[in-house]
K.L.:
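Here you go, one structure.
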Amino acid sequence: MCDQTFVVATFGPCDSCGIASPLMNIYIQNEPVTYCSLCVEMMACQGLQKGETLQTLKQESESLKKKLEEERNKLNDVELHQLAEKVEVVGALSIKTRRLLKGHENKVLCMDWCKDKRRLVSSSQDGKVIVWDAFTLNKEHGVTLPCTWVMACAYAPSGCAVACGGLDNKCCVIPLSLDRSENLAAKKKSVAMHTNYVSGCTFTNSDMQLLTSSGDGSCALWDVESGQLLQSFHGHTADVLSLDLAPSETGNTFVSGGCDKKSCVWDMRSGQNIQSFESHESDINCVKYYPSGDAFASASDDATCRFYDLRADREVAVYQKDSVIFGASTVDFSLSGRLLFAGYNDYTINVWDVLKGTRLSILFGHENRVSRVRVSPDGTAMCSASWDHTLRIWA
């Protein structure tokens, strides 16, 4: 019938009955329509067979889900940590803060590395986007946006532009220039427009396309030049909080996670949800592909990080300890894929052994929630952003 429903604060004439009333934004075969609640209910009841009700259909759906899960579990043979028993233990890690980046006046919400392995961009609740030189700590560019809570930022593959978005429901692309005195805010271009806040953004393998996730429950692919919507992705039943593009050059898939406790893998060409995983017990704050592209990790408010193998079509590892009781807000892998860095709401960064499932180290330094961790493109350093208004470079 319809592949997603979510509520937005709009009031106007219903597309079906024409009566002015509070409206729901729903999608029918990926086409957006705005219906009042009565028309949505009537539409849901159309086409029911004799004796069928919405309740019986829900029960049938749940029983089919259980049967699918049982069939999937029959294929489970061995856990990842059992296979890794004979693998050598990782030696002692000596990871320390090497740089401290100060300049934001409020919570730093997001950051991203440039492909040149030296520069990075950060966005903050103070409404500013700052481009940094991680070696010298110089601020190369600073842009003040009209809204606060700039929740997402991303560096273009060429290093010539950055994208950012947040509570204004838009995602803008800002071209960077060598002239540091130039007013970049005047050159910014609005590319994406959602019906709720923008929670994440990333460029595809070129500067010409931008992928966004939003609190309206959808993800979308946009053409940067024209601002045209190329493909929309509907399947989440609540806010989408994170997305990550498959790492291969020809990668046509991405993964998303959100408040419906679900991770979805999408085909960018067709817009279809090709795999989904529902094992978390709370909101999924972050998803990140494994370097090979065959698996991904997720971080959740249930205080766990989970590892999913796409070829096995199941969860293969859970990273948790009884002493870890705060939610995980962000994850990223080392370049080899052996280490998993996870930022938590208790101000720490835990380093996990991906194969053995054990915690190798705890990184202390931040004085508030860690909102983002990202390993540099060459794997020699890791940057963390925090609600304590700072960024730290670890190596």
Side-chain angles (χ1 to χ4, degrees), residues 95 97 99-114 120-132 134 145 147-155 162-168 171 197-202 212-215 239-244 256-259 280 282-288 297-305 319 324-333 340-352 362-376 381-394:
I95 302 173
T97 300
R99 298 280 191 279
L100 180 61
L101 281 61
K102 292 183 177 181
H104 284 292
E105 296 166 8
N106 215 318
K107 299 169 183 172
V108 185
L109 304 174
C110 190
M111 63 75 49
D112 191 31
W113 285 95
C114 179
L120 57 92
V121 61
S122 62
S123 63
S124 165
Q125 191 189 341
D126 61 12
K128 287 187 174 68
V129 175
I130 298 177
V131 175
W132 309 79
L145 298 174
C147 90
T148 56
W149 282 90
V150 187
M151 301 170 73
C153 64
Y155 234 116
V162 294
C164 55
L167 280 190
D168 59 357
C171 191
Y197 64 88
V198 173
S199 57
C201 65
T202 183
T212 57
S213 61
S214 169
D239 303 24
V240 184
L241 298 179
S242 176
L243 83 170
D244 189 44
S256 63
C259 293
H280 277 294
S282 191
D283 299 1
I284 296 173
N285 295 314
C286 183
V287 286
K288 185 67 182 174
S298 58
S300 168
D301 279 341
D302 63 12
T304 70
C305 297
Y319 307 101
V324 179
I325 58 172
F326 288 88
S329 52
T330 177
V331 284
D332 198 10
F333 290 98
L340 179 71
F341 300 95
Y344 289 81
N345 296 347
D346 63 355
Y347 318 164
T348 63
I349 298 168
N350 286 0
V351 186
W352 300 90
I362 309 176
L363 308 181
F364 297 96
H366 282 297
E367 297 170 8
N368 208 324
R369 169 178 171 164
V370 179
S371 54
R372 188 83 154 177
V373 293
R374 280 292 174 263
V375 174
S376 64
M382 188 250 311
C383 181
S384 59
S386 169
W387 283 17
D388 65 8
H389 309 184
T390 68
L391 297 103
R392 285 175 181 261
I393 310 254
W394 309 76

K.L.:
Donor-acceptor pair, distance only, cut-off 3.5 Å: does the side chain of D388 make one with the backbone of E367?
P.N.:
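Yes; at least one donor-acceptor contact below 3.5 Å.
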K.L.:
Does K107 offer a backbone N or O that forms a donor-acceptor pair with the side chain of S124 under 3.5 Å?
P.N.:
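Such a contact is found between S124 side chain and K107 backbone.
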K.L.:
Without swapping roles, check the side chain of R369 against the backbone of Y347 for a donor-acceptor pair under 3.5 Å.
P.N.:
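No, because the side chain of R369 does not come within donor-acceptor range (under 3.5 Å) of the backbone of Y347.
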K.L.:
Are side-chain heavy atoms of F341 and V375 found at a separation under 4.5 Å?
P.N.:
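F341 reaches V375 side chain to side chain.
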K.L.:
Where do N368 and S386 come nearest, in terms of heavy atoms and distance?
P.N.:
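Closest approach of N368 to S386, heavy atoms only: O-OG, 3.2 Å.
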K.L.:
When you measure from the side chain of D301 to the backbone of D283, do you find a donor-acceptor pair of N or O atoms at a distance under 3.5 Å?
P.N.:
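The answer is no, because no donor-acceptor pair under 3.5 Å joins these two groups.
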K.L.:
So, for A303 and V324, which heavy atoms are closest and what is the spacing to 0.1 Å?
P.N.:
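Minimum heavy-atom separation between A303 and V324: CB-O, 3.7 Å.
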K.L.:
If every non-hydrogen atom of A154 is compared with every non-hydrogen atom of V121, which pair is closest and at what distance?
P.N.:
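Taking every non-hydrogen atom into account, C-CG1, 4.2 Å.
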K.L.:
Do side-chain atoms of N345 reach the backbone of F326 as a donor and acceptor pair under 3.5 angstrom?
P.N.:
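No, because the side chain of N345 does not come within donor-acceptor range (under 3.5 Å) of the backbone of F326.
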K.L.:
With no hydrogens and no angle check, just 3.5 Å: does a side-chain donor-acceptor pair link Y197 and D239?
P.N.:
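There is such a pair between these side chains.
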K.L.:
Distance check, rounded to the nearest 0.5 Å: R372 atom CZ versus D332 atom CG?
P.N.:
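CG of D332 is found 8.5 Å from CZ of R372.
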K.L.:
Find out whether M151 and V198 are in side-chain contact, i.e. whether some heavy atom of one side chain is under 4.5 Å from a heavy atom of the other.
P.N.:
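With C-beta onward as the side chain, the pair stays apart.
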K.L.:
Rounded at 0.5 Å granularity, tell me how far CG in L109 sits from CD in Q125.
P.N.:
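The CG atom of L109 sits 6.5 Å away from the CD atom of Q125.
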K.L.:
Classify the side-chain pair S371/W387 by whether it contains a donor and acceptor separated by less than 3.5 Å.
P.N.:
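Result is no, nothing qualifies.
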K.L.:
With a 4.5 Å heavy-atom cut-off, do L120 and I393 have their side chains touching?
P.N.:
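L120 vs I393: side chains touch.
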K.L.:
For residues H104 and T390, is any side-chain donor paired with an opposing acceptor at under 3.5 Å?
P.N.:
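Result is no, nothing qualifies.
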K.L.:
Is a donor on one side and an acceptor on the other found under 3.5 Å between the side chain of S123 and the backbone of V150?
P.N.:
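Side chain of S123 to backbone of V150: a pair is present.
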K.L.:
Got a second to check how far S298's OG is from D244's CG, nearest 0.5 Å?
P.N.:
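S298 atom OG to D244 atom CG measures 12.0 Å (nearest 0.5 Å).
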K.L.:
So, taking the atom named CG in N350 and the one named CG in L340, what distance separates them when rounded to the nearest 0.5 Å?
P.N.:
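One gets 9.5 Å once the value is rounded to the nearest 0.5 Å.
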K.L.:
CH2 of W149 to CG of N106: how many Å apart, nearest 0.5 Å?
P.N.:
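The CG atom of N106 is 8.0 Å from CH2 of W149, to the nearest 0.5 Å.
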K.L.:
So, does T330 use its side chain to make a donor-acceptor pair with the main chain of V373 at under 3.5 Å?
P.N.:
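Present.
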K.L.:
What residues form a salt bridge (Lys or Arg N to Asp or Glu O under 4.0 Å) with D168, not counting sequence neighbours?
P.N.:
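Checked D168 against salt bridge (Lys or Arg N to Asp or Glu O under 4.0 Å); zero matches.
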K.L.:
Could you go through the side-chain contact (heavy atoms from CB on, under 4.5 Å) check for C259 and L241 one step at a time?
P.N.:
CA-CA 7 Å; C259 293; L241 298 179; 3.7 Å; yes
K.L.:
Please find the pair of heavy atoms, one from A342 and one from V331, that lie closest to each other, and give the distance.
P.N.:
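Heavy-atom minimum between the residues: CB-CG1, 3.9 Å.
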K.L.:
In Å and rounded to the nearest 0.5 Å, what is the CD1 to CH2 distance from I130 to W132?
P.N.:
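One gets 4.5 Å once the value is rounded to the nearest 0.5 Å.
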K.L.:
Are M111 and R374 close enough, and set up right, to give a side-chain contact (heavy atoms from CB on, under 4.5 Å), and what steps lead you there?
P.N.:
CA-CA 8 Å; M111 63 75 49; R374 280 292 174 263; 3.5 Å; yes
K.L.:
Determine whether R99 and R392 satisfy the following criterion, side-chain contact (heavy atoms from CB on, under 4.5 Å), listing intermediate values before the conclusion.
P.N.:
CA-CA 6 Å; R99 298 280 191 279; R392 285 175 181 261; over 6 Å; no
K.L.:
Within the 4.5 Å heavy-atom criterion, are W113 and C383 side-chain neighbours or not?
P.N.:
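Of all side-chain heavy-atom pairs linking C383 with W113, at least one is under 4.5 Å.
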K.L.:
Less than 3.5 Å apart, any donor N or O on the side chain of S213 or S199 sitting next to an acceptor on the other?
P.N.:
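The criterion, which ignores hydrogens and geometry beyond distance, is satisfied for S199 and S213.
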K.L.:
Would you find a donor on one side and an acceptor on the other, under 3.5 Å apart, between the side chain of T348 and the backbone of L363?
P.N.:
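Looks like no, no N/O pair under 3.5 Å.
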K.L.:
Looking at A381, is its backbone amide N or carbonyl O close enough to the side chain of S376 to form a donor-acceptor pair, meaning the two atoms are under 3.5 Å apart?
P.N.:
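Flag set: sc S376 to bb A381 pair under 3.5 Å.
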K.L.:
Identify, with sequence neighbours excluded, every residue that meets salt bridge (Lys or Arg N to Asp or Glu O under 4.0 Å) alongside D302.
P.N.:
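For D302 the salt bridge (Lys or Arg N to Asp or Glu O under 4.0 Å) partners, ignoring immediate neighbours, are R306.
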K.L.:
Taking all heavy atoms of S329 and all of C286, pick out the closest pair and write down the distance.
P.N.:
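Minimum heavy-atom separation between S329 and C286: O-CB, 3.5 Å.
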K.L.:
For W394 and H366, work out which heavy atoms get closest and say how close.
P.N.:
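Looks like CZ2-CD2, 4.4 Å.
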